[in-house]
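In what follows, a single structure is set out as structure tokens and then discussed.
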Amino acid sequence: MSTIEENLAPIPNDLIVQILSRLPAESVARCRCLSKLWGSILHRPYFTELFLTRSWARPRLLFALKREDAWSFYSLPQRQHDLHDKASPPLVAYSDFHMKFPKDIISPEYHGFTSGLICFSRKSITLKSQEETVICEPRTGQYATVPKLLRYGKSFLGYDPIGKQFKVLFMDHTDCVTHCSDVHRVLTLGNGIMEWRKIKCSCSLFHHVMDDEGICINGILYFSSKQRYYFPCDVKIVCFDVRSEKFKSIDVEWDSGWHVKLVNYKGKIGVVTWKGLYELSISVLEDVEKQEWSKYVYTLPENNILDSSKYSIAGVTATGEIVFSGNFTRGPFYVVYFSLESNTLQSVEIQGLEKDHRVCAYVDLVEDLNVNNAKYLKSSPRLNVITVRPKPQERNSALSVKNKP
């Protein structure tokens with residue numbers, strides 16, 4: 001035995017890094033506790049960036065399910081194969097359960113999903129508190145509670161990839177009638193004592209914020225707003241630079257009355273409009289300074305699944321596929337991928353979700369160790385998070401994949 005051990009060569013550290021970068025974040029956290037050497041290696045900036053790069057190669061779909069004020073979170077691997085690739089292997093679509101908020105959290109209102117974190121407002125029966133804003137990692141239940149503001153408005157979550165900082169932007173509606181320029185506020189997570197700061201902006205641009213969630217792309221937070229409430233076409237896209245905390249607005253063609261969604265289209269802000277059953281368009285901002293847009297119009301292939309009254313646009317994947325998700329888990333639940341390049345649809349039946357729940361879906365969920373390592377995120381006993389998977393009503397070994405011509 002001693003002779004065998006003497007002949008065994010030690011595993012190079014570089015190979016250890018490559019192997020461990022392919023593990024889930026929870027496994028990496030456990031490996032950091034095995035030895036001081038491994039802890040040192042796995043906390044290096046090089047490893048966290050390598051892990052994030054690997055994670056982007058295996059993105060997931062995130063589902064938030066609501067029923068009677070209780071929310072559950074599930075995810076499953078996102079489709080990675082081209083729709084025109086007929087040799088693609090079948091996908092495994094039995095979803096992974098992460099956690100559940102119990103009913104004592106009254107009517108959480110979601111304000112966005114950014115870089116692995118969800119921002120929402122909540123009230124609690126047990127705490128008998130006023131509404132508060134919570135930042136939560138939906139897979140682990142780690143959270144941070146944001147100081148309360150006795151104001152009326154909407155909150156958005158943004159991320160600065162250079163400074164690696166999350167910020168919460170609060171668009172104040174309380175004093176808009178006074179046309180103040182400094183009523184809006186911003187808060188930085190993880191900089192010691194979290195405090196709201198007033199920021200300067202042109203209040204006349206943001207009288208009526210339309211978006212409930214917004215979207216953050218490469219450090220810029222986007223959301224839609226109107227100057228005048230009763231003018232449906234008077235819409236602008238507000239851009240908030242998370243790093244510099246500066247505002248600007250962009251003119252946009254906005255078809256009110258239809259399904260309209262702000263999306264990340266290959267690193268650029270896009271506006272997807274879904275009219276009726278088959279007409280779909282996407283406008284992409286090509287030049288921010290010149291405010292130049294490119295518009296593409298598509299006709300969805302005929303199918304017996306997509307219905308604008310039963311489905312919503314979840315987003316656009318990094319590979320350029322528009323994802324539609326069912327609004328409720330009643331009967332078979334489908335996610336539908338639409339390829340802009342090949343103009344083809346693929347519907348995927350998802351198994352393992354709780355029945356009779358309302359659904360919010362998000363694309364491109366990735367694991368980021370910078371988020372998991374954040375010291376301002378705490379464990380979740382105060383939120384009474386449930387981590388035991390609810391008993392599913394049905395469970396099949398695989399999904400059913402249906403290609404539509």
What's the spacing between Ile135 CD1 and Tyr143 OH if we round to 0.5 Å? 12.5 Å
Atom pair CD1 (Ile41) and CZ (Arg32), whose distance is rounded to the nearest 0.5 Å: 12.0 Å
Where is the tightest heavy-atom contact between Leu42 and Cys31, given as atom of each residue plus distance? CD1-CB, 3.7 Å
How close do Ile217 and Gly267 get, heavy atom to heavy atom, and via which atoms? CG2-O, 3.4 Å
Contacts of type side-chain hydrogen bond (donor to acceptor under 3.5 Å, both in side chains), residue Ser309, not counting sequence neighbours: Asp307
Sorted by chain and number, sequence neighbours left out, ring pair (Phe, Tyr, Trp, His ring centres under 6.0 Å) with Phe333 holds for Phe63
Out of Tyr362, Phe73, Phe120, which residue meets the ring pair (Phe, Tyr, Trp, His ring centres under 6.0 Å) rule with Phe113? Tyr362
Tell me, with the steps shown, if Arg185 and Glu195 meet salt bridge (Lys or Arg N to Asp or Glu O under 4.0 Å). CA-CA 10 Å; Arg185 291 162 173 80; Glu195 295 180 341; over 6 Å; no
Would you check, one step at a time, whether the test side chain to side chain contact (heavy atoms under 4.5 Å, CB included) holds for Tyr265 with Ile322? CA-CA 9 Å; Tyr265 181 76; Ile322 296 179; over 6 Å; no
Thinking salt bridges, do Arg54 and Glu367 make one under a 4.0 Å N-O criterion? no
Before giving the answer on side chain to side chain contact (heavy atoms under 4.5 Å, CB included), spell out for Val168 and Phe156 the whole-Å C-alpha distance, their side-chain angles and the decisive distance to 0.1 Å. CA-CA 6 Å; Val168 182; Phe156 299 96; over 6 Å; no
Are any non-hydrogen side-chain atoms of Arg358 and Cys360 less than 4.5 angstrom apart? yes
For Val288, the side chain to side chain contact (heavy atoms under 4.5 Å, CB included) test, sequence neighbours excluded, returns Lys248, Ile250, Leu285
Would you please test Thr188 and Arg197 for side-chain hydrogen bond (donor to acceptor under 3.5 Å, both in side chains) and show each step? CA-CA 9 Å; Thr188 303; Arg197 294 175 283 107; 3.1 Å; yes
Considering only heavy atoms from C-beta outward, does the side chain of Tyr278 approach that of Asn303 to under 4.5 Å? yes
Tyr296 side, atom OH; Ser281 side, atom OG - distance, nearest 0.5 Å: 12.5 Å
Tell me, please, which residues at least two apart from Lys268 pass salt bridge (charged side-chain N to carboxylate O under 4.0 Å, His left out). Glu286
What's the separation between atom OG1 in Thr48 and atom CG in Asp368, rounded to the nearest 0.5 Å? 7.5 Å
Do Val238 and Tyr222 come within less than 4.5 Å of each other through their side chains, counting heavy atoms only? no
The side-chain hydrogen bond (donor to acceptor under 3.5 Å, both in side chains) partners of Asp14 (sequence neighbours excluded) come to none
Smallest separation among heavy atoms of Tyr334 and Ser347, with atom names: CD2-CB, 4.1 Å
Going from CG on Asn218 to CG on Asn264, what distance comes out if it is rounded to the nearest 0.5 angstrom? 7.0 Å
Taking all atoms of both residues into account, what is the closest heavy-atom pair of Thr114 and Phe166, and its distance? O-CE2, 3.4 Å
Nearest heavy-atom contact between Glu245 and Val186 is OE1-CG1, 3.7 Å
Please indicate whether Glu253 has more than 12 foreign heavy atoms, meaning atoms of other residues, nucleotides or ligands, lying under 6.0 Å from its CD. no
Min side-chain heavy-atom separation Val263-Val271 under 4.5 Å: no
Side chain to side chain contact (heavy atoms under 4.5 Å, CB included) for Thr133 and Cys119? Distances and angles first, verdict last. CA-CA 7 Å; Thr133 299; Cys119 176; 3.7 Å; yes
Between His259 (side chain) and Ile313 (backbone), is there a donor-acceptor pair under 3.5 Å? no
Angle between ring planes, Tyr298 versus Phe338, binned at 30° and 60°: parallel, tilted or perpendicular? perpendicular
Side chains of residues 323-331: which donor-acceptor pairs under 3.5 Å do they make with residues two or more places apart or in other chains?
from   : atom 1 : to     : atom 2 : distance (Å)
Asn327 : OD1    : Ser312 : N      : 3.4
Asn327 : OD1    : Ser312 : OG     : 2.6
Asn327 : ND2    : Lys310 : O      : 3.2
Thr329 : OG1    : Glu354 : O      : 2.7
Thr329 : OG1    : Asp356 : N      : 3.0
Thr329 : OG1    : His357 : N      : 2.8
Thr329 : OG1    : His357 : O      : 3.4

Just do the side chain to side chain contact (heavy atoms under 4.5 Å, CB included) check on Val235 and Val252 with the steps written out, would you? CA-CA 7 Å; Val235 178; Val252 62; 4.3 Å; yes
Sub-4.5 Å side-chain heavy-atom contact between Ile16 and Trp38: yes
Among all residues two or more places apart in sequence or in another chain, which pass the side-chain hydrogen bond (donor to acceptor under 3.5 Å, both in side chains) test with Arg243? Asp160
Answer whether the closest heavy-atom distance between the side chains of Val260 and Val272 falls below 4.5 Å. no
Listed partners of Phe240 passing ring pair (Phe, Tyr, Trp, His ring centres under 6.0 Å), at least two apart: Phe247
Between Leu189 and Met194, is any pair of side-chain heavy atoms under 4.5 Å apart? yes
I'd like to check the side chain to side chain contact (heavy atoms under 4.5 Å, CB included) partners of Ala318; sequence neighbours left out, ordered by chain and number. Asp364
What heavy-atom pair brings Gly352 and Tyr74 nearest, and what distance separates the two atoms? O-CE2, 3.6 Å
Can you sort out the partners of Phe51 under ring pair (Phe, Tyr, Trp, His ring centres under 6.0 Å), two or more places apart, ordered by chain and number? none
We want to know whether Glu289 and Gln291 form a side-chain donor-acceptor pair, criterion being a heavy-atom distance below 3.5 angstrom. no
Mark yes or no for whether Ser339, through its side chain, and Ser342, through its backbone, hold a donor-acceptor pair below 3.5 Å. yes
Qualifying residues under side-chain hydrogen bond (donor to acceptor under 3.5 Å, both in side chains), relative to Tyr311, sequence neighbours excluded: none
Euclidean distance, Cys216 SG relative to Leu221 CG, rounded to 0.5 Å: 5.5 Å
Any non-hydrogen side-chain atom of Leu280 less than 4.5 Å from a side-chain atom of Val297? no
Not counting sequence neighbours, list each pair that qualifies as a salt bridge (Lys or Arg N to Asp or Glu O under 4.0 Å) and has a residue in residues 271-284. Asp255-Lys275
